[in-house]
Amino acid sequence: MKSIHLIAPSGASLDVRSPLAGIEWLQKQGIEVLNSTCVSRVEQRFAGSDAERLAEINQIATLSPDSVVVAMRGGYGLHRLLPGIEWSAISKAIKSGIQICGHSDFTVFQLGLLAQTGSITLAGPMLNFDFACQGEQGDGVTPNAFMWAHFQKAITERKLDCTIRAAQPFLRNPASGQASGMLWGGNLTVLAGLVGTPYLPNQQQTQGGILFLEDVNEHPYRIERMLMQLLDAGILANQSAILLGGFSSYRLYDNDRGYELATAIEAINQRLPKNIPVLTGLPFGHQAEKLTLPVGAQAHIQYDASGFTIHSAW
């Protein structure tokens with residue numbers, strides 16, 4: 001990996017020290033950082049005007065085939081741009097070799113591209129949080145070693161291999177097994193907001209898929225409500241497996257009276273067919289330790305009560 005081309009398609013940086021620290025760290029690894037001026041754009045809460053951000057996304061189609069495109073941060077903003085994105089041109093660029101990575105709000109682009117073209121993108125690290133300082137405080141924390149190793153493997157080898165050791169309390173019958181299918185998903189709030197639109201892969205595309213989900217700052221009852229929406233829309237029962245990553249930075253209240261995230265997950269689990277495993281502990285989400293996951297690639301998992309392995313090559 002010789003260079004990274006930055007894009008800022010969503011929210012403006014909360015503290016400019018964060019992207020600058022990330023750029024500095026990448027440069028110290030011998031990686032050239034291109035289009036770095038995008039990190040300083042501000043238009044209200046967004047990283048530039050809609051027109052600027054849309055033009056930057058569509059410019060991906062003109063980049064060199066060996067380009068690695070990484071989003072600066074999430075927040076909100078990409079949903080505004082969906083009708084103007086040149087999906088076919090970007091898909092053609094991906095087929096030529098370009099790789100595109102991000103998560104959080106970037107889920108809307110990844111699922112839109114998958115729905116429209118079937119092209120594979122990478123759900124993985126972004127500049128601000130992952131390559132700079134945790135929480136955008138400007139302290140220059142060294143990037144997580146697990147994240148960096150799996151990101152490099154995805155970029156250079158186009159492979160995902162990981163064994164997760166974590167107790168699996170939601171397995172029913174069978175308590176062990178395997179599943180294969182298209183790996184897809186991302187941020188739960190973003191995904192739920194795409195239901196009923198042309199930017200969410202349809203049930204034919206996702207039949208037998210492996211759906212991964214994560215979120216941040218969402219109380220468990222809101223997580224349950226969004227999962228209920230996916231259940232009632234026929235999406236969850238259409239999968240061969242459901243992988244849950246990090247659901248972080250929420251707080252419980254006195255009136256929850258014992259209701260917590262596990263309660264919400266079990267409420268959904270009981271409504272699913274028993275042969276669809278709900279697995280937890282996927283290292284992915286708004287957290288330092290995260291995998292780089294190929295959205296739209298075929299993947300295989302093996303699981304039991306002590307954890308699971310996940311493999312993919314694309």
Side-chain angles (χ1 to χ4, degrees), residues 74 101-104 106-107 110-111 114 120-126 129-130 144-151 153-154 159-172 175-192 206 208-218 220 223-224 226-227 230 235-236 239-250 261-262 264-266 268-269 272 276-314:
C101 186
H103 69 279
S104 191
F106 204 65
T107 298
Q110 295 173 313
L111 294 182
L114 183 60
I120 296 170
T121 55
L122 300 175
M126 297 190 290
F129 181 86
D130 297 300
N144 180 272
F146 177 94
M147 176 280 295
W148 178 233
H150 282 279
F151 177 68
K153 187 179 183 71
K159 288 184 179 179
L160 165 66
D161 292 291
C162 190
T163 297
I164 293 93
R165 291 299 174 204
Q168 298 299 316
F170 302 106
L171 287 179
R172 293 181 290 168
S176 64
Q178 58 185 328
S180 297
M182 183 180 74
L183 186 65
W184 74 290
N187 180 265
L188 174 58
T189 297
V190 172
L191 192 154
T206 61
I210 298 173
L211 174 64
F212 68 92
L213 298 168
E214 61 85 23
D215 220 318
V216 64
N217 294 326
E218 296 291 350
I223 292 168
E224 180 183 320
M226 288 184 284
L227 289 173
L230 300 186
I235 293 170
L236 295 187
Q239 308 306 306
S240 65
I242 298 167
L243 308 182
L244 300 181
F247 289 85
S248 56
S249 300
Y250 63 85
L261 181 60
I265 296 171
E266 183 59 20
I268 300 299
N269 195 37
L272 284 170
I276 300 178
V278 175
L279 303 173
T280 58
L282 179 72
F284 185 76
H286 290 70
Q287 59 192 58
E289 186 167 284
K290 63 166 59 68
L291 291 170
T292 297
L293 304 171
V295 181
Q298 292 295 307
H300 179 76
I301 62 171
Q302 290 182 295
Y303 60 89
D304 58 30
S306 65
F308 59 96
T309 60
I310 180 167
H311 304 281
S312 181
W314 59 97

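Numbers for residues simply follow the sequence, beginning at 1.
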Query raised in the report: Is the shortest heavy-atom distance from the side chain of I276 to the side chain of L236 under 4.5 Å?
Result: no

Report summary line: Minimal heavy-atom distance between A154 and W314, with the atoms involved, is O-CZ2, 3.7 Å

Requested in this report: For F308, enumerate each residue passing the ring-ring contact (aromatic ring centres under 6.0 Å, His included) test, keeping only those at least two apart in sequence or located in another chain.
Outcome: none

Query raised in the report: What are the two closest heavy atoms between A175 and L171, and how far apart are they?
Result: O-CD1, 3.3 Å

Report task. Would you check if L279 and I301 make a side-chain contact, meaning some heavy-atom pair closer than 4.5 Å? Result -> yes

Requested in this report: Could you tell me whether a side-chain N or O of S240 sits under 3.5 Å from a main-chain N or O of G208, the two making a donor and an acceptor?
Outcome: yes

Query raised in the report: Could you give the distance from OH (Y303) to OG1 (T309), rounded to the nearest 0.5 Å?
Result: 11.5 Å

Query raised in the report: At their closest point, which heavy atom of I235 faces which heavy atom of Q239, and how far apart are they?
Result: O-NE2, 3.0 Å

Query raised in the report: Are any of the side-chain heavy atoms of I310 and S312 separated by less than 4.5 Å?
Result: no

Query raised in the report: Is the side chain of T107 donor-acceptor paired with the backbone N or O of N187 at a distance under 3.5 Å, no angle test?
Result: yes

Requested in this report: Please round to the nearest 0.5 Å and tell me the distance separating atom CD1 of I223 and atom CD1 of I265.
Outcome: 7.5 Å

Query - Qualifying residue, where the test is side chain to side chain contact (heavy atoms under 4.5 Å, CB included) with C101 and the options are L122, V295, L293 - result: L122

Query raised in the report: At what distance, to the nearest 0.5 angstrom, does CG of L272 lie from CZ of F170?
Result: 12.0 Å

Requested in this report: With the side chain counted from C-beta on, respond yes when T280 and Q168 share a heavy-atom pair under 4.5 Å apart, and no when they do not.
Outcome: yes

Report task. State, yes or no, whether a side-chain contact exists between M226 and L213 at a heavy-atom distance under 4.5 Å. Result -> no

**Report entry** Derivation and outcome, side chain to side chain contact (heavy atoms under 4.5 Å, CB included), residues S249 and H286
**Finding:** CA-CA 9 Å; S249 300; H286 290 70; over 6 Å; no

**Report entry** CZ on F146 to CD on Q287, rounded to 0.5 Å
**Finding:** 9.0 Å

**Report entry** Chi angles and distances behind the side chain to side chain contact (heavy atoms under 4.5 Å, CB included) call for V190, L111
**Finding:** CA-CA 10 Å; V190 172; L111 294 182; 5.7 Å; no

Query raised in the report: NE2/H103 to OG1/T121 distance, rounded to the nearest 0.5 angstrom?
Result: 13.0 Å

**Report entry** Student check: side-chain heavy atoms of L188 and L230 closer than 4.5 Å
**Finding:** yes

Query raised in the report: With distance as the sole test, does Q110 use its side chain to make a donor-acceptor pair with the main-chain N or O of G102 at under 3.5 Å?
Result: yes

Requested in this report: Search all heavy atoms of L183 against all heavy atoms of A299 and return the closest pair with its distance.
Outcome: CB-CB, 4.0 Å

Query raised in the report: Out of curiosity, L211 CG to L244 CG, how far, rounded to the nearest 0.5 Å?
Result: 8.5 Å

Query raised in the report: Is there a side chain to side chain contact (heavy atoms under 4.5 Å, CB included) between N144 and F151 once you walk through the steps?
Result: CA-CA 11 Å; N144 180 272; F151 177 68; over 6 Å; no

**Report entry** Non-hydrogen atoms of P220 and L261 that approach each other most closely
**Finding:** CG-N, 3.6 Å

**Report entry** Counterpart residues, salt bridge (Lys or Arg N to Asp or Glu O under 4.0 Å), relative to E218 (two or more places apart)
**Finding:** R222

Report task. Provide the closest heavy-atom pair for G296 versus L114 in the form atom of the first, atom of the second, distance. Result -> CA-CD1, 3.7 Å

Requested in this report: May I have the step-by-step check of side chain to side chain contact (heavy atoms under 4.5 Å, CB included) for H150 and F284, ending in yes or no?
Outcome: CA-CA 11 Å; H150 282 279; F284 185 76; over 6 Å; no

Report task. Sort and list the pairs that fulfil salt bridge (Lys or Arg N to Asp or Glu O under 4.0 Å) and have at least one residue in residues 276-291, not counting sequence neighbours. Result -> D130-K290

